[in-house]
Amino acid sequence: MTNCTRIPGFILQGFSVIPELQTISATIFLFIYIFSLLGNISIITAVTLDSHLHTPMYFFLKHLSFIDLCSTSTTLPRALFAAMAGSEVISLPACAAQLFVFVFCGATECFLITSMAYDRCLAIYQPLSYGSTMTQQFCCALVGVVWVSGLFFSSFHTANTFTLSFCGTMLEHFFCDLPPLFRLSCTDPHKHEAAGFVVSGCVIMSCFVLTVLSYIQIVITVFRIKSTQGRQKAFSTCSSHLITVILFYGTGSSAYMRPANGYSPLQGRLAAIFYSILTPTLNPVVYSMRNKDMKAALRKLYICEP
C-alpha cells in the first residue's frame with residue numbers, strides 16, 4: 001500500500017540522470033544564464049536611460065525583460081547550485097514558492113505579449129489616434145492589469161497543485177514544475193489536472209486569439225499600403241514582437257497543453273530548457289538585433305557615445 005504521509009520536500013533530479021552530463025549541462029547553463037542576465041539588464045537599462053525609447057512599445061519591452069530576468073532567476077540559480085554542490089533537496093514551501101513565481105512570470109508574459117500585440121496593431125491600424133490612446137496613464141494601467149492577472153493565475157495553479165498529497169520525493173525535473181509534481185501525487189490528480197488544464201486553456205487560448213486577431217488586422221492594414229517601403233517599415237515595427245510570440249507559444253504550449261499521463265521526464269526537461277531558459281535569453285537578442293533604435297541605445301550604453 002502506498003504511503004501517503006505528507007513529505008517535507010523533494011529531491012530534484014537535475015538536468016540529467018547521468019552525473020557527467022549533469023556537470024557539463026550545469027556549465028553550459030551557467031554561461032547561458034549570465035548571457036540572459038546581461039541581455040535583459042541591458043534592455044532595461046537602455047530603455048530607462050535613453051529618452052528616445054520612452055514610448056509605449058519600449059515601456060512594454062522593459063517589463064518583458066524584467067519578467068524574463070525573474071523567470072530565469074527563479075529556476076536556474078538553484079538548479080546550478082544543486083548540480084555543482086550536490087544539494088538537490090528542496091523543501092515543500094520553497095518548491096511551492098518556486099512554482100508560484102515561475103507560473104506568475106509565465107502568465108504575466110503571456111498577458112504582456114497580448115498587450116504588446118494590441119499596441120503594435122493600434123500603431124499601424126490607427127496611427128493618428130495612437131498617441132492619444134496609448135498615453136502613459138493607459139500603459140501603466142494596462143501593465144498593472146497584466147501583473148495582477150498573473151498573480152491570480154499563479155495563485156490558482158499553486159493552490160490547485162499543493163492541495164494534493166505527495167508520496168514520492170524524487171522530482172524528475174531541475175525545478176518544481178506542474179507536470180512532474182502531478183506525477184508524485186498519492187491521490188488521483190485528474191480533477192486537479194483537469195481544472196488546471198481548463199483554466200490554462202481558456203486563458204492562453206484567449207490571449208492567443210487576441211494576438212492573432214491583432215496580427216490579422218496588422219497584415220490587412222499593411223497590404224493596403226501602396227508603397228513597398230511603407231509596407232517594409234510597418235512590418236519592421238512588429239517583426240521582433242512576432243518572433244517573441246512564436247517563441248513563447250511554440251515552446252510553452254508543448255510543455256503545458258497536454259495531460260500529465262502523457263508526460264515524459266526527458267521531453268519535459270527538454271521543453272523546459274526551451275521555454276524557461278532559451279526563450280527569455282533570446283528575447284533581448286531578437287529586440288536588439290532587429291531594432292535600430294535599440295541598437296543605438298545599447299551602443300550609447302556600452303560605448304558611451306554622445
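This structure is a prediction, so every number in the text was calculated from the model and none was measured.
Connection of Ile28 to Leu38 is established within a shared hydrophobic cluster, with ILVMFWY side chains joined at heavy-atom distances below 4.5 Å, either directly or through further cluster members. One hydrophobic cluster holds both Val47 and Leu69 under the rule that ILVMFWY side chains link at heavy-atom gaps under 4.5 Å. No continuous path of ILVMFWY side-chain contacts below 4.5 Å connects Leu247 to Leu112, so the two sit in separate hydrophobic clusters. Placement of Met57 and Ile243 in two distinct hydrophobic clusters is found when ILVMFWY residues are connected by side-chain heavy-atom separations under 4.5 Å, directly or transitively. The cluster map of Ile, Leu, Val, Met, Phe, Trp and Tyr, joined by side-chain heavy atoms under 4.5 Å apart, puts Leu278 and Leu37 in the same cluster.
Side-chain atoms of His157 never come within 3.5 Å of backbone atoms of Phe152 as a donor-acceptor pair (strictly under, hydrogens ignored). Between the side chain of Asp293 and the main chain of His52, no donor-acceptor pair closer than 3.5 Å is present. Checked by atom type and distance alone, the side chain of Asp50 never pairs as donor or acceptor with a backbone atom of Ala46 at under 3.5 Å. Checked by atom type and distance alone, the side chain of Thr48 pairs as donor or acceptor with a backbone atom of Ile44 at under 3.5 Å. Of the possible donor and acceptor atoms, none in the side chain of Glu109 sits under 3.5 Å from a partner among the backbone N and O of Leu64.
Between atom CZ of residue Phe197 and atom CG of residue Leu178 there is a gap of 12.5 Å, rounded to the nearest 0.5 Å. To the nearest 0.5 angstrom, His241 atom NE2 is 5.0 Å from Met116 atom CE. Atoms CD1 and CG, from Ile124 and Asp119 in turn, are 9.5 Å apart once rounded to the nearest 0.5 Å. Taking CZ of Phe35 as the reference point, atom CG of Asn40 lies at 10.0 Å (rounded to 0.5 Å). Rounding to the nearest 0.5 angstrom, the gap separating the OG atom in Ser42 from the CG atom in Leu298 is 6.0 Å. Here the CG-CG distance, from Asp177 to Leu99, works out to 7.0 Å after rounding to the nearest 0.5 Å.
For NZ of Lys295, the number of neighbouring non-hydrogen atoms (other residues, nucleotides, ligands) closer than 6.0 Å is greater than 12. More than 12 non-hydrogen atoms from other residues, nucleotides or ligands lie less than 6.0 angstrom from OH of Tyr215. Other residues, nucleotides and ligands contribute only 12 or fewer heavy atoms inside 6.0 Å of the CZ atom of Phe274. More than 12 non-hydrogen atoms from other residues, nucleotides or ligands lie less than 6.0 angstrom from NE2 of His54.
Looking at every heavy atom in both residues, Leu164 comes nearest to Ser185 through CD2-OG, 3.7 Å. Contact record, Val145 with Ser149: O-OG, 2.7 Å, taken as the closest heavy-atom pair. In terms of heavy-atom proximity, Ile43 sits nearest to Ser65 at CG2-OG, 3.1 Å. Scanning both residues, Gly150 and Thr108, for their nearest heavy atoms gives CA-OG1, 3.6 Å. Listed here is the closest heavy atom pair of Tyr287 and Thr244: CE1-OG1, 3.3 Å. When all heavy atoms are compared, the tightest approach of Gly196 to Asn160 is N-ND2, 3.9 Å.
Considering only heavy atoms from C-beta on, Leu181 comes within 4.5 Å of Phe162 through its side chain. In this structure the side chain of Ile204 reaches within 4.5 angstrom of the side chain of Tyr249, judged on heavy atoms. Within the 4.5 Å cutoff, side-chain heavy atoms of Leu61 are placed close to those of Met294. With a 4.5 Å cut-off on side-chain heavy atoms, Arg183 and His173 do not count as touching. Using a 4.5 Å cut-off on side-chain heavy atoms (C-beta onward), Ser71 and Phe102 make contact. Residues Tyr118 and Gln217 form no side-chain contact, since every pair of their non-hydrogen atoms from C-beta on lies 4.5 Å or further apart. No side-chain heavy atom of Phe248 sits under 4.5 Å from any side-chain heavy atom of Cys207. Looking at Thr161 and Phe100, their side chains never come closer than 4.5 Å, going by heavy atoms from C-beta outward.
Every residue meeting the side-chain contact (heavy atoms from CB on, under 4.5 Å) condition with Leu210, not counting sequence neighbours, appears here in chain and number order: Thr114.
Aromatic pair Trp147/Phe104: centroids less than 6.0 angstrom apart.
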*asked:* Would Val103 and Thr158 count as a side-chain contact (heavy atoms from CB on, under 4.5 Å) here? Give the steps.
replied: CA-CA 8 Å; Val103 175; Thr158 306; 5.6 Å; no
_Working note: Thr133 + Gln126, criterion side-chain contact (heavy atoms from CB on, under 4.5 Å); need CA distance, chi angles, decisive distance, verdict._
CA-CA 10 Å; Thr133 303; Gln126 294 181 331; 5.6 Å; no
*Please test Phe59 against Cys140 for side-chain contact (heavy atoms from CB on, under 4.5 Å), starting from the C-alpha separation and ending with a verdict.*
CA-CA 9 Å; Phe59 174 75; Cys140 290; 4.1 Å; yes
*Report the C-alpha distance between Phe174 and Arg78 in whole Å, list the side-chain angles of each, state the deciding distance to 0.1 Å, and finish with yes or no for side-chain contact (heavy atoms from CB on, under 4.5 Å).*
CA-CA 9 Å; Phe174 59 90; Arg78 175 177 274 277; over 6 Å; no
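If you run side chain to side chain contact (heavy atoms under 4.5 Å, CB included) between Phe60 and each of Val143, Ile113, Thr55, only Val143 comes through.
Not less than 2.5 angstrom separates the SG atom of Cys70 from that of Cys105. Across the pair Cys176 and Cys95, the gap between the SG atoms, which is the quantity tested here, stays under 2.5 Å.
A donor and an acceptor atom, one from each side chain of Tyr33 and Thr281, are nowhere located under 3.5 Å apart.
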